[in-house]
Amino acid sequence: MDGAEDERMRIRLNGSPGIKLSIQKQPAANTVEVVDGVLARLDELKKKSIIPGDIEVNPVDDQARFVRRALNNAINSALAGAVLAMLVVYLFLGSLRRTLIIGSAIPIAILVTFILMSGAGLTLNIMTLGGLALGVGMLVDSTIVMLENIYRHQRERKDQEQTTLIPSMAAAEVNSAIVAATSTNLAAVLPFLFIGGLIGLLFRELIFTISAAIAASMMVALTLVPALAGRLSATGEGRLRRSIDHLMNRLQYGYSRLVGVLLKLPGLLLLVFLLMLLFAYFKLIPEKQIFIPEIDEGRITIRVKADKGINLMGMDVLVNQLEEIVRRQPETQTLFSQVGGFVYGRSQYVSANRASLKIILKPLQQRGISSRAWVERVREEIHQGKLPGVVVHMWVQGIRGIRFNRGDDDLSLRIKGPDLTVLNQLAEGVKKKLSQIPGLRNIQNSSDEVTQEISLIVDRERAANFGLSVEELGRMVKLALSGEVVTDYLEGDRRIDVRLRLQRADIATPADVESIIIFSNSEPPVPLRLGEVARAELVPSVVTIKHDQEQRIVEVSASLGSDLTMQQAVREAIKIIDTMDLPPGYILYEGGSAEAMQKGQETGILLLGLALFLVLVVMAVQYESLRNPLVIMFSVPFGLIGVGLGLGWTGLPLSMPVWLGLIMLAGIVVNNAIVLVEYIGLKRDAGLGISEAIIEAARLRLRPILMTTLTTVAGMMPLALALGEGSEILQPLAVTLVSGLLFSTFVTLLLIPAVYRLIGR
């Protein structure tokens, strides 16, 4: 029979039929470069007419597009943060030239950061650019401390001779404080570089970039800023600068009087802050916990399963109805359909009652709705459509290549045991229990799809009498049912395979299979029917058999709805595990999400404790004493109050980026306290009493403390607001730092003077 190969699958893109071609990059290759190279080669093939003009090649899943969006948003966040930080500096100094000194320090520090990143083999990606966006406000902290101190000395001593020595004298006052602050920042985050696993994989580049930026900022502050600031004088003050200085003087005067009052009641002030800390710990810290926030790339997958026995044409009719629902949604950008199975790279799975739809939505700013909300809306429309005999599963695709459990979905429960029938029965019981949990979607059993297959039961003794083995009989049946390419022929420039097999109508039942004529291996060969040496029968068989640690398992999986967190789902799943009565030899366990969250939390607590210890050690070495470091360390735990307020206001749950933010916060919030305590020591060395030294140091350090805090907050604010795609994973980190720093500023300005009065030397 001369004809086309049997149609087993149909593939469409936005309603137009086609074929799917998958291109996968090598692990070390750059995603954007690979995609650009592929698209350039396709354009070249079109220009040379190698690809005919009536053939369109459209990308279905372009990973570079999401990378570009995330990179652009990270770059925009870094630029916006730099502009905001510069604006804060200008508002406090009222001098364009001094603001430009800070402005020149930012690109130079970023250049040094790039050099360090290149030496470490890092590339520009979401994490490294996110690290720069987070660190752009921190880049100017040291430079602000240096520049403000030089400017203050120039203003106070502008009538003195040898004004050229003033910058070096002013720089000497704060050199040790800048080195100590930078050392504590690095001490807090560097241990994170030695953490392995998924946490290290995700955040190592981010931490290295921030650490490199902090080190670069210190080098610029100690070298470039004094050299440039020394070339400016404090004369020629304009109206704006005089107004700002007048406002700051009034603010400093009022603040110094407040500190004087608080120093009379240091114990009461400490008690108030301790009560606020306890309230924050028990009331403000959210109970919800996830591992990593989702990145809303707008990629949706729909899996469709129809009744057994449906043919490809009938399945295509059902899929067309689903496609019509999806195309009606204004947020839909591309719709890729596979009917009759799935294609995975160079392999495929063919089943007439299976189909999948992959949807890519418009960018988040254009659609104005989250992917999960879109899924819930479309699911309701499909439910109202009442498609007969169809099971539809929909979910939002997560970060490509990253799994937080061993399963294929958000939640995975696995049953391990020897008998597939018993495993399937237990899985159905677990599936019913999971369906009672509100918020779970797409609950399915990996063994719930059963197909019919022909089982050939061979009479080994009789087959051996004819010289036939089980393997030979199997090859004969395969040749009859599936056929075999025996040769090919050329037609023009096309090579066409010739497949030899029996007619489909001749092998429609097990009895037809038994009637297949075979020949024995005896001499002479004897023709006989297959049924004389074997019995063919239809038996049910599961389509998928999974293994875990070389043992059979059945997996019950589910997707999370928009109102359910992973922590809540895992907690309910563990309750189910505890209530199940399993036969001997069978084990029910969770697929790894709970373990991942627990390890993440344990790692966060361990790193936070190590960061606090290293920060204390660095300061103890710097001061050769424990008293001043202990005073400074009082500013760290109270930052938790601000973190609780920030997470509560934004509605963000606890996650690994929050733990990372707390670790970084431990090294950052001490910066202002170090500058303040250092200056108190200088004033005491100058002969002032302890209260007078505290009040004077607080008055003089108010401006740099406010400047460094507000520039850091302004630099991180674009990421904290999550103003673009790809920023979701860094938003909790930025919110933690912003809220913690803001509240820690009040701790530094109010509590640290009181604590120094209690335990300072």
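These values consider heavy atoms only, across backbone and side chains, with no hydrogens, waters or symmetry-generated copies. Computed from a predicted structure; not experimentally measured.
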I would like to know whether Ser371 and Leu361 meet side-chain contact (heavy atoms from CB on, under 4.5 Å); could you show each step before the answer? CA-CA 8 Å; Ser371 296; Leu361 304 180; 4.1 Å; yes
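- The shortest distance between side-chain heavy atoms of Val319 and Arg12 falls below 4.5 Å.
- By the 4.5 Å heavy-atom criterion applied to side chains, Phe336 and Ile11 are counted as neighbours.
- Donor-acceptor pairing under 3.5 Å is recorded for the side chains of Glu381 and Gln329.
- Residues Ala720 and Val738 share a closest heavy-atom pair of CB-CG2, 4.3 Å.
- Closest of all the heavy-atom pairs between Val669 and Ser744 is CG1-OG, 3.3 Å.
- Between Val392 and Met394, the shortest heavy-atom contact is CG1-CG, 4.1 Å.
- Partners of Arg379 by salt bridge (charged side-chain N to carboxylate O under 4.0 Å, His left out), not counting sequence neighbours, listed by chain and number: Glu376.
- Comment: Arg377 does not engage Glu380 in a salt bridge, judged by the lack of any side-chain N to carboxylate O separation of less than 4.0 angstrom.
- Checked against Leu737 for a side chain to side chain contact (heavy atoms under 4.5 Å, CB included), the options Leu742, Val713, Ile668 give a single hit: Ile668.
- Rounding to the nearest 0.5 angstrom, the gap separating the OG1 atom in Thr332 from the CH2 atom in Trp374 is 4.5 Å.
- Looking only at side-chain heavy atoms (C-beta outward), Val304 and Leu318 stay at 4.5 Å or farther from each other.
- Contact check for Leu654 versus Leu647: side-chain heavy atoms found under the 4.5 Å cut-off.
- Between Lys362 and Glu331 there is no salt bridge, since none of the side-chain N atoms of the basic residue sits less than 4.0 Å from a carboxylate O of the acidic one.
- The heavy-atom pair separating Lys46 from Val57 by the smallest distance is NZ-O, 4.1 Å.
- Taking both residues in full, the closest heavy atoms of Pro363 and Gln333 are given as CD-OE1, 3.9 Å, listed atom of the first, atom of the second, then distance.
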I'd like to know whether Ile300 forms a side-chain contact (heavy atoms from CB on, under 4.5 Å) with Val378, so could you lay out the CA-CA distance, the side-chain angles of the two residues, the decisive distance to 0.1 Å, and finally the verdict. CA-CA 11 Å; Ile300 314 295; Val378 174; over 6 Å; no
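- Remark: Glu33 pairs with no residue by the salt bridge (charged side-chain N to carboxylate O under 4.0 Å, His left out) rule, at least two apart or across chains.
- For the atom pair Thr334 OG1 and Ile359 CD1, the distance stands at 8.5 Å (nearest 0.5 Å).
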Report the C-alpha distance between Val83 and Leu87 in whole Å, list the side-chain angles of each, state the deciding distance to 0.1 Å, and finish with yes or no for side-chain contact (heavy atoms from CB on, under 4.5 Å). CA-CA 6 Å; Val83 171; Leu87 180 61; 5.6 Å; no
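- How far CZ of Arg303 is from CZ of Arg354: 8.0 Å, rounded to the nearest 0.5 Å.
- The minimum heavy-atom distance linking Pro718 with Ala714 is given by the pair CD-O, 3.4 Å.
- Proximity of a side-chain donor or acceptor of Asn320 to a complementary backbone N or O of Asp316 within less than 3.5 Å is detected.
- Residues passing the side-chain hydrogen bond (donor to acceptor under 3.5 Å, both in side chains) test with Ser337, sequence neighbours excluded: Glu323.
- Between atom OG1 of residue Thr650 and atom CG of residue Leu645 there is a gap of 10.5 Å, rounded to the nearest 0.5 Å.
- How far NZ of Lys433 is from CG of Leu413: 12.0 Å, rounded to the nearest 0.5 Å.
- Within a 6.0 Å radius of CD in Gln384, more than 12 heavy atoms belonging to other residues, nucleotides or ligands are found.
- Within a 6.0 Å sphere centred on CZ of Arg328, other residues, nucleotides and ligands contribute more than 12 heavy atoms.
- To the nearest 0.5 angstrom, Thr736 atom OG1 is 9.0 Å from Leu660 atom CG.
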Audit row: Gln321, Val390, side-chain contact (heavy atoms from CB on, under 4.5 Å) steps and yes/no: CA-CA 11 Å; Gln321 297 179 47; Val390 176; over 6 Å; no
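- When side chains are defined from C-beta on, Met313 counts as touching Arg10, because their heavy atoms get closer than 4.5 Å.
- Inter-residue side-chain proximity for Met656 and Pro732 is flagged as unmet; no heavy-atom pair is nearer than 4.5 Å.
- Two residues are said to be in side-chain contact when any heavy atoms from C-beta on lie closer than 4.5 Å; Leu652 and Val658 fail this criterion.
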